[in-house]
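Structure record follows, encoded as structure tokens.
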Amino acid sequence: MTEILNSPFLYGICGGIILFVAVVCLVFMIRAYRAGIAAGMDKGMLKRTITSSITFTILPSVGILLGVIALSGSLGTPWPWLRLSVIGALHYETQVAQAASEQVGLKTLSMSEMTPEAFSTIALLMSICIMWGMILSFFFNKMYLKKLNGKPDKNPDEPKRKGFGDTAMVAMFVGLVSAYIGSYIGGFVSGEGSFTFKGDLTPIIVSLVSALVMAIFTYFAEKKHMVWLESFSIAGSMLVGMIVAVLM
Amino acid sequence: MNKEFLEKYNKNTHIIGRTVSLITLVLLVGAPFVIGNVIGASPNLVAVVKGFASVGLIWTVSSVVEFLVYTPMLGAGGGYLAFITGNLINMKIPCAMNAKDMAGTKSGTTENEIISTLSIASSSLTTIVILALGVLLLVPLQPILQSPALQPAFSNVVPALFGAMAYQYFRKDIKLAMVPLILMSVFFILVPALISQTSIMIIPSGAITIGLAYLIFKKKGKEE
């Protein structure tokens with residue numbers, strides 16, 4: 001399976017899609033630059049926007065690359081490369097891949113258990129679950145912006161009063177994470193027979209270590225104002241947790 | 001200002017944006033079928049539907065919220081590009097906001113539309129180039145990455161992710177988080193057979209947490 005998921009064919013298909021998106025970005029960039037000149041905007045400012053965006057992105061992109069490495073052991077390199085280059089985000093991709101692997105009967109999201117059917121199913125679910133932003137843009141971007149521009153009093157930059165929507169999103173993710181951490185605890189306590197405490201302890205330790213490393217990242221980012229560390233926090237915490245799994 | 005040019009620019013942005021969104025969508029959804037056809041097994045559509053029912057709904061709600069919140073900030077071109085290229089919260093939005101602050105533009109203006117599009121396009125291209133270079137360097141490392149000694153690491157990708165996310169989300173309201181965590185732990189201890197179907201339990205766990213969060217939210221509202 002390893003050879004299949006890292007085959008030139010998969011590199012070709014994933015690389016082709018990435019190349020298409022790269023061309024799209026280039027087209028949008030050139031059009032916007034020309035429009036800026038036509039709108040009488042300062043050329044220097046337009047160039048500064050490009051250079052500042054490039055420098056802003058370098059560190060987070062290295063963090064994303066670590067995510068590709070983290071997923072490459074389970075899904076091969078080309079597919080995570082595509083997902084994280086183009087549309088996805090590490091936390092999303094891993095969750096969806098895990099959910100799909102459960103539905104096709106895999107115990108863990110790993111290459112040793114992967115089958116062709118499991119991989120194509122995981123790949124499709126990953127694609128379907130996060131396509132909604134593009135679909136909404138396709139149907140409603142023009143209409144939504146037109147409607148907003150008709151209401152000049154509303155400034156989207158101003159922070160709005162915090163409603164239940166933000167709280168609900170946090171609660172949703174707390175519920176999601178709790179279900180998985182709870183399953184690791186349940187697996188350890190009763191995985192090999194009710195209350196035998198002989199199940200696999202590794203996922204619990206890995207989760208704890210990742211959480212601890214995340215806390216360290218957050219401390220330095222928030223208390224020591226090293227905001228750039230945030231770009232590496234998730235991928236960095238995951239990698240340390242994964243290293244602990246090897247050492248156990 | 002060349003008004004006619006800009007009007008045409010805005011109109012074409014939507015045409016191009018819609019076209020490339022549709023093509024990207026077809027490519028991304030079509031790729032698993034093409035790959036499945038070549039490697040000898042098509043996707044299991046029943047499993048896809050079940051998987052979508054467990055985690056997909058959460059991400060659908062999240063996508064709607066992201067669309068409603070970020071589209072006004074990004075404008076037309078930036079919006080289309082950002083939803084195609086992903087990594088919104090962790091990269092594209094802060095990057096576009098940084099560029100906007102530097103340029104001093106306001107949302108809803110032509111200038112902001114241009115700055116936002118330039119910023120998202122440059123950012124996306126940078127990520128694509130860095131990841132392509134990184135993957136190129138990863139190729140010689142494949143034998144090491146696939147060695148049996150490293151397999152425990154890759155088998156624990158998901159616990160590693162949820163550990164990091166647990167810290168990120170639990171700290172926002174630790175008392176609230178303890179309720180679903182304890183409930184789910186007890187549930188899986190008592191019904192270990194369902195551990196292999198954890199994703200299904202996301203729905204009741206999420207519903208309980210949202211319900212509790214709503215009660216707390218209402219209580220705080222009354223106190224204020």
Side-chain angles (χ1 to χ4, degrees), chain A residues 24-25 28-29 32 35-36 38 49-50 53-54 56-57 60-61 65 73 81 85 87 94 98-100 103 108 110 116-117 120-121 123-125 127 129 132-134 136-138 142 156 171-173 175 178-180 182-183 185-186 189-190 203 206-207 210-211 214 237-238 241-242 245-246, chain B residues 2 5 9 14 20-21 28 32 36 39 41 43-44 47 50-51 55-56 59 63 67 72 83 86 91 95 99 107 114 117-119 121-124 126-127 130-131 134 152-156 158-164 167 180-181 184-185 188-189 192 198-199 201-202 205-206 209-210 213:
Chain A
V24 168
C25 292
F28 270 84
M29 198 173 168
T49 299
I50 296 171
S53 300
I54 290 171
F56 189 99
T57 309
S61 297
L65 179 63
W81 172 40
S85 291
I87 191 167
T94 315
Q98 171 67 21
Q103 298 306 327
T108 56
S110 69
E117 189 196 38
S120 58
T121 305
L124 182 60
L125 190 65
S127 299
C129 282
W132 304 106
M134 267 190 290
L136 289 167
S137 283
F138 179 84
K142 191 176 181 182
M172 202 187 281
F173 281 101
S178 297
Y180 278 95
S183 77
I185 295 170
V189 177
S190 297
V206 169
S207 301
S210 290
M214 189 71 184
S237 306
M238 284 176 71
M242 289 162 69
V246 174
Chain B
N2 189 339
F5 176 86
Y9 168 78
H14 286 291
V20 294
S21 293
L28 288 173
I39 66 176
N44 179 337
K50 282 185 183 171
V55 287
W59 289 102
S63 297
F67 173 78
F83 286 109
M91 198 162 69
C95 182
S107 293
I114 289 161
T117 308
L118 272 181
S119 172
S122 320
S123 171
S124 305
T126 307
T127 306
I130 289 178
L131 259 64
F154 295 115
S155 300
N156 282 284
V158 180
L161 170 76
F162 287 124
Y167 180 79
L181 182 63
M184 285 296 113
S185 301
F188 283 116
I189 287 170
T198 305
S199 57
M201 292 311 294
I202 292 169
S205 178
T209 319
I210 290 173

| message | Taking side chain as everything from C-beta outward and backbone as N, CA, C, O, which of these in B:P192 sits under 4.5 Å from a heavy atom of chain A? Side chain, backbone, both or neither. | response | side chain
| task | Could you pull out the closest heavy-atom pair between A:T121 and B:A47, with the gap in Å? | result | CG2-CB, 3.8 Å
| said: Taking every non-hydrogen pair under 4.5 Å, which of B:S119, B:P159, B:S63 racks up the most with chain A? | reply: B:P159
| Of A:I54, A:T57, A:I50, which meets side-chain contact (heavy atoms from CB on, under 4.5 Å) against B:S123? | A:T57
| query | What option among A:M242, A:M29, A:E117 has the most heavy-atom pairs under 4.5 Å with chain B? | reply | A:M242
| query | Which distance, rounded to the nearest 0.5 Å, do you find between the OH of B:Y167 and the OG of A:S207? | reply | 16.0 Å
| Among B:L118, B:T127, B:T117, residue most engaged with chain A (heavy-atom pairs, under 4.5 Å) | B:L118
| task | Measure across B:S205 and A:A179 and return the closest heavy-atom pair with its distance rounded to 0.1 Å. | result | OG-N, 4.0 Å
| Heavy-atom pair count under 4.5 Å with chain B, highest-scoring of A:G186, A:S120, A:A123, A:P116 | A:S120
| note | Answer key: most heavy-atom pairs under 4.5 Å with chain A among B:C95, B:S21, B:G134 is B:C95
| query | Between A:S190 and B:F188, is any pair of side-chain heavy atoms under 4.5 Å apart? | reply | no
| Nearest 0.5 Å, what's the CG-CD1 distance between B:L181 and A:I185? | 5.0 Å
| note | Nearest heavy-atom contact between B:L131 and A:S85 is CD2-OG, 3.4 Å
| Shortest non-hydrogen contact from B:F83 toward A:G133 | CD2-CA, 3.6 Å
| task | Could you tell me which of A:L136, A:V24, A:V246 has the largest number of non-hydrogen atom pairs under 4.5 Å with chain B? | result | A:L136
| said: I'd like to know if the side chain of A:S210 and the backbone of B:A164 have a donor-acceptor N/O pair within less than 3.5 Å. | reply: no
| task | Tell me, out of A:G241, A:C129, A:S183, who's got the most heavy-atom pairs with chain B below 4.5 Å. | result | A:S183
| said: For a quick test of reading the model, state the closest non-hydrogen atom pair linking B:I130 to A:S61 and the distance between them. | reply: CD1-CB, 3.7 Å
| field | From CZ (A:F28) to CD1 (B:I114), nearest 0.5 Å | value | 13.5 Å
| query | Taking side chain as C-beta onward, heavy atoms only, is B:L161 less than 4.5 Å from A:Q98? | reply | no
| remark: Scanning both residues in full, the closest heavy-atom pair of B:H14 with A:K142 reads CE1-CA, 3.3 Å
